[in-house]
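Working notes, structure below.
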Amino acid sequence: NVYESADLIMGKEVTGNQGNKHKHFKFTLKITGAPANAKFAIDYTGADKAAQPKAADGQEADSLVVGADGTVTRDFMLKDGERIAVKGLTPGAKYELTEDADGYKSTEGITIDVTNTEDQLLDATSGIVGVKPIRTGFTNDKEGVIPTGLLIDGAPYIAIALAGGAFVVLAKRKKANQAE
């Protein structure tokens with residue numbers, strides 16, 4: 001007998017000139033239609049396990065246990081370049097991965113290699129589990145004009161220097177005109 005299953009690998013990428021690569025983003029994974037009381041292992045090898053929130057229902061940190069109704073929901077925290085894998089999902093179960101983008105422009109999929117393979121995380125963030133691994137996640141982008149502050153911070157000093165220079169030039173002209 002062979003038990004067919006699939007892993008779900010979720011990852012995070014942060015881009016943009018104002019993107020904070022050290023910020024953790026909250027992911028919520030919801031699985032429905034799984035066998036009651038099924039237990040799926042969680043692999044935190046590619047993420048900061050200490051940053052993970054406690055499971056609201058008192059579940060172990062390293063596993064997801066499906067309820068009697070066939071559903072389980074868990075929050076995860078990921079920052080740029082991190083990944084978490086949920087192992088052994090049952091084919092036919094539905095999954096939905098959402099994220100709190102916290103002011104960033106969020107898109108499905110990741111173009112960087114956070115799985116240490118040549119595969120990219122381009123699978124949909126919701127769907128039905130099959131027998132192939134699901135590689136998904138979100139890319140968050142934050143762009144903006146980065147204020148240098150050069151003109152704002154230096155404007156008063158520039159104005160004073162120009163006024164002082166104009167005063168010196170006018171004083172020299174007045175003195176030259178008086179000498180004639």
Side-chain angles (χ1 to χ4, degrees), residues 6-32 34 39-66 71-89 93-130 132-158:
D7 297 343
L8 184 142
I9 302 160
M10 61 187 114
K12 160 64 50 218
E13 180 180 12
V14 177
T15 60
N17 63 1
Q18 291 190 355
N20 182 351
K21 295 188 180 278
H22 302 289
K23 176 179 177 45
H24 283 93
F25 292 87
K26 180 180 165 187
F27 281 53
T28 302
L29 176 63
K30 181 177 183 180
I31 299 170
T32 58
K39 188 174 184 178
F40 306 119
I42 303 171
D43 179 4
Y44 294 104
T45 302
D48 181 3
K49 187 175 179 181
Q52 303 310 312
K54 301 270 188 228
D57 55 6
Q59 290 190 18
E60 301 170 23
D62 293 335
S63 63
L64 288 175
V65 178
V66 178
T71 66
V72 62
T73 302
R74 174 74 66 88
D75 291 335
F76 299 97
M77 301 297 285
L78 290 170
K79 63 182 179 181
D80 182 65
E82 289 188 334
R83 62 164 169 55
I84 293 174
V86 178
K87 306 279 204 171
L89 294 175
K94 294 179 184 174
Y95 69 94
E96 180 182 1
L97 183 66
T98 58
E99 175 201 35
D100 177 1
D102 196 21
Y104 285 66
K105 179 184 172 197
S106 181
T107 54
E108 282 187 17
I110 296 177
T111 58
I112 61 169
D113 180 16
V114 296
T115 61
N116 297 324
T117 68
E118 293 181 13
D119 296 328
Q120 295 175 331
L121 304 178
L122 297 175
D123 291 334
T125 55
S126 63
I128 298 174
V129 178
K132 292 180 9 183
I134 301 160
R135 293 178 172 87
T136 190
F138 292 95
T139 296
N140 290 5
D141 184 69
K142 194 168 198 179
E143 294 285 344
V145 177
I146 299 175
T148 61
L150 180 62
L151 290 178
I152 294 171
D153 293 342
Y157 302 109
I158 293 169

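Numbers here simply count residues along the sequence, with the first being 1.
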| Residues which pass side chain to side chain donor-acceptor pair (under 3.5 Å) with Lys49, listed by chain and number, not counting sequence neighbours | Asp62
| task | Not counting sequence neighbours, which residues clear side chain to side chain donor-acceptor pair (under 3.5 Å) with Gln52? List them please. | result | none
| field | Ser106: partners by side chain to side chain donor-acceptor pair (under 3.5 Å), with sequence neighbours left out | value | Glu99, Asn140
| Thr125: partners by side chain to side chain contact (heavy atoms under 4.5 Å, CB included), with sequence neighbours left out | Leu97, Glu108, Thr136, Phe138
| Asp141: what forms a salt bridge (charged side-chain N to carboxylate O under 4.0 Å, His left out) with it, not counting sequence neighbours? | none
| query | Mind checking what makes salt bridge (charged side-chain N to carboxylate O under 4.0 Å, His left out) contact with Asp75, not counting sequence neighbours? | reply | Lys26
| request: Decide yes or no on salt bridge (charged side-chain N to carboxylate O under 4.0 Å, His left out) for Asp7 and Lys87, but give the supporting numbers first. | output: CA-CA 4 Å; Asp7 297 343; Lys87 306 279 204 171; 3.5 Å; yes
| request: Not counting sequence neighbours, which residues clear salt bridge (charged side-chain N to carboxylate O under 4.0 Å, His left out) with Lys23? List them please. | output: Asp102
| Among all residues two or more places apart in sequence or in another chain, which pass the side chain to side chain contact (heavy atoms under 4.5 Å, CB included) test with Lys21? | Val14, Asp80
| request: Output all residues satisfying ring-ring contact (aromatic ring centres under 6.0 Å, His included) with Tyr104, sequence neighbours left out; order by chain, then residue number. | output: Phe25
| said: Under the rule for side chain to side chain contact (heavy atoms under 4.5 Å, CB included), what residues qualify as partners of Ala51, not counting sequence neighbours? | reply: His24, Asp48
| request: Could you list the residues that satisfy side chain to side chain contact (heavy atoms under 4.5 Å, CB included) with Ala34, not counting sequence neighbours? | output: Ile31, Phe40, Val66, Ala93
